[in-house]
Amino acid sequence: MTDTPRNELPAPGEWKVDVSHTEVGFSVRHLGLAKVRGRFTAFDGTVHVADVPEDSSVEVTIEAASIDSRDAGRDGHLRGADFFDVENHPTLTFHSTGVRSSGSDWLVDGELTIKDVTRPVVLEASFEGIGADPWGGSRAAFSAVTEIDREDWGLTWNAALEGGGFLVGKKVKIELEVELVRAVAADDAEDGAQKVA
């Protein structure tokens, strides 16, 4: 693998997460067997691309109540006090503390806060490309993945199984597919630059 040429990275400046073309997903084992997948549907984020890519930064806020695992009963449990306790802790946040190149990919060091517990995580990120959209804007895309132990953030609820093991896995894989749109100054912007389809 070769390093991504720096002139092919997004231009320096502010880039906003395009929610309608971004997926914030996760998966966790059920009964130690199948992976159950879910996602969050309401979030906001900004990527500041610096002149030196390693000086770039990321800020993301996720609405905890927007969790969607395709099962209404399970989602209600996840929103409750056993898990995210969304009434008292309505958001999850991530902010980066550093960016490092790793071959053709990037490692984004950061702090993830869930239920007022903040712990370090490392996102393994890949730059997927950049291009113009039909409305005169610039778009860029990244994918990223990390794995966390949910108990490190106080998400400890579980049920022991008769034959050994537990109902819900401790390890949670987080997978992101992110599309960004470059923010432009208000006096330079045309409506089309922020449109989505």
Side-chain angles (χ1 to χ4, degrees), residues 4 9-10 12-28 35-50 52-69 75 78-79 82-102 105-130 139-157 168-183 196:
T4 304
L9 292 173
E14 298 294 321
W15 294 73
K16 293 289 293 179
V17 171
D18 178 356
V19 175
S20 65
H21 296 104
T22 294
E23 182 86 6
V24 177
F26 63 88
S27 62
V28 61
K35 292 179 182 177
V36 173
R37 299 185 182 276
R39 61 180 185 152
F40 292 92
T41 60
F43 47 86
D44 182 58
T46 302
V47 176
H48 172 74
V49 178
V52 177
E54 288 81 0
D55 293 334
S56 300
S57 61
V58 180
E59 297 281 346
V60 177
T61 300
I62 299 167
E63 300 296 327
S66 73
I67 195 165
D68 175 16
S69 68
D75 291 343
L78 290 169
R79 293 183 186 111
D82 284 338
F83 287 95
F84 290 105
D85 191 11
V86 300
E87 286 191 12
N88 295 305
H89 306 282
T91 60
L92 296 71
T93 62
F94 173 85
H95 77 268
S96 63
T97 57
V99 177
R100 298 172 282 147
S101 62
S102 176
D105 295 324
W106 298 85
L107 299 177
V108 181
D109 300 302
E111 293 184 334
L112 175 64
T113 300
I114 303 173
K115 293 178 70 174
D116 291 337
V117 176
T118 300
R119 296 200 178 276
V121 298
V122 180
L123 296 174
E124 299 176 15
S126 298
F127 177 55
E128 304 292 351
I130 187 169
R139 302 278 174 146
F142 288 88
S143 59
V145 63
T146 193
E147 186 174 80
I148 65 171
D149 184 331
R150 62 186 176 87
E151 293 191 345
D152 290 343
W153 281 266
L155 305 177
T156 58
W157 184 90
V168 183
K170 295 181 181 181
K171 299 294 186 181
V172 180
K173 188 174 184 180
I174 299 171
E175 297 176 282
L176 310 173
E177 296 294 336
V178 181
E179 185 169 305
L180 304 171
V181 59
R182 189 177 185 188
V196 296

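Heavy atoms only: backbone and side chains are in, while hydrogens, waters and symmetry mates are out.
In this structure, CG on Asp55 lies 8.0 Å from NE2 on His48, to the nearest 0.5 angstrom. Taking CZ of Phe26 as the reference point, atom CZ of Arg39 lies at 10.5 Å (rounded to 0.5 Å). Note that CG of Leu180 is 7.0 Å distant from OG1 of Thr22, once rounded to the nearest 0.5 Å. Residue Ile114 holds its CD1 atom at 11.5 Å from NE2 of His89, rounded to the nearest 0.5 Å. Summarising the geometry, atom CD belonging to Glu128 is positioned 11.5 Å from atom CD belonging to Glu179; distances are rounded to the nearest 0.5 Å. If you take CG on Asp68 and OG1 on Thr41, they are separated by 6.5 Å, rounding to the nearest 0.5 Å.
Judged as a side chain to side chain donor-acceptor pair (under 3.5 Å), and not counting sequence neighbours, Arg119 has no contacts. Under the rule for a side chain to side chain donor-acceptor pair (under 3.5 Å), the partners of Asp75 that lie at least two apart in sequence or sit in another chain are Ser69. Scored by the side chain to side chain donor-acceptor pair (under 3.5 Å) test, Thr46 finds Lys16 as partners (sequence neighbours excluded).
If you check the side chains of Ser20 and Asp18, you find a donor sitting under 3.5 Å from an acceptor. No side-chain donor-acceptor contact under 3.5 Å links Thr118 and Glu111.
Of all the heavy atoms in Glu175 and Ser27, the pair that sits closest is OE1-OG, 4.4 Å. Scanning both residues, Val99 and Trp106, for their nearest heavy atoms gives CG1-CE3, 3.7 Å. Residues Ser96 and Ser57 share a closest heavy-atom pair of OG-CA, 3.2 Å. Shown here for Leu123 and Ala144, the closest heavy-atom pair between the two residues is CB-CB, 4.3 Å. Across all non-hydrogen atoms, the minimal contact from Phe83 to Arg150 is CE2-NH1, 3.8 Å. Heavy-atom minimum distance, Val121 versus Phe94: CG2-CE1, 3.5 Å.
In summary, Glu151 and Lys170 engage in a salt bridge, as defined by a charged side-chain N under 4.0 Å from a carboxylate O. For the pair Arg100 and Asp109, the salt-bridge criterion is met [side-chain N within less than 4.0 Å of a carboxylate O].
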Report the C-alpha distance between Glu63 and Thr91 in whole Å, list the side-chain angles of each, state the deciding distance to 0.1 Å, and finish with yes or no for side-chain contact (heavy atoms from CB on, under 4.5 Å). CA-CA 5 Å; Glu63 300 296 327; Thr91 60; 3.9 Å; yes
Determine, step by step, whether Phe43 and Val19 satisfy the side-chain contact (heavy atoms from CB on, under 4.5 Å) criterion, reporting the C-alpha distance in whole Å, the side-chain angles of both residues, the deciding distance to 0.1 Å, and the verdict. CA-CA 7 Å; Phe43 47 86; Val19 175; 3.8 Å; yes
side-chain contact (heavy atoms from CB on, under 4.5 Å), that's the test. Do Asp149 and Lys171 meet it? Break it down for me. CA-CA 5 Å; Asp149 184 331; Lys171 299 294 186 181; 4.0 Å; yes
Test Phe84 against Leu155 for side-chain contact (heavy atoms from CB on, under 4.5 Å), laying out the working first. CA-CA 7 Å; Phe84 290 105; Leu155 305 177; 4.0 Å; yes
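In this structure, Arg182 contributes its side chain and Pro12 its backbone to a donor-acceptor pair below 3.5 Å. Side-chain atoms of Ser143 never come within 3.5 Å of backbone atoms of Glu177 as a donor-acceptor pair (strictly under, hydrogens ignored). Without hydrogens or angle criteria, Trp153 side chain to Leu112 main chain gives a donor-acceptor distance under 3.5 Å. At distances below 3.5 Å, not a single donor-acceptor pair connects side-chain atoms of Arg79 with backbone N or O atoms of Val86. The closest donor-acceptor contact from the side chain of Thr93 to the backbone of Thr61 lies at 3.5 Å or more, if one exists at all.
Around the CD atom of Glu124, the shell of radius 6.0 Å holds no more than 12 heavy atoms that belong to other residues, nucleotides or ligands. Within a 6.0 Å radius of NZ in Lys173, no more than 12 heavy atoms belonging to other residues, nucleotides or ligands are found.
At a threshold of 4.5 Å between non-hydrogen side-chain atoms, the residues Leu9 and Val49 do not count as touching.
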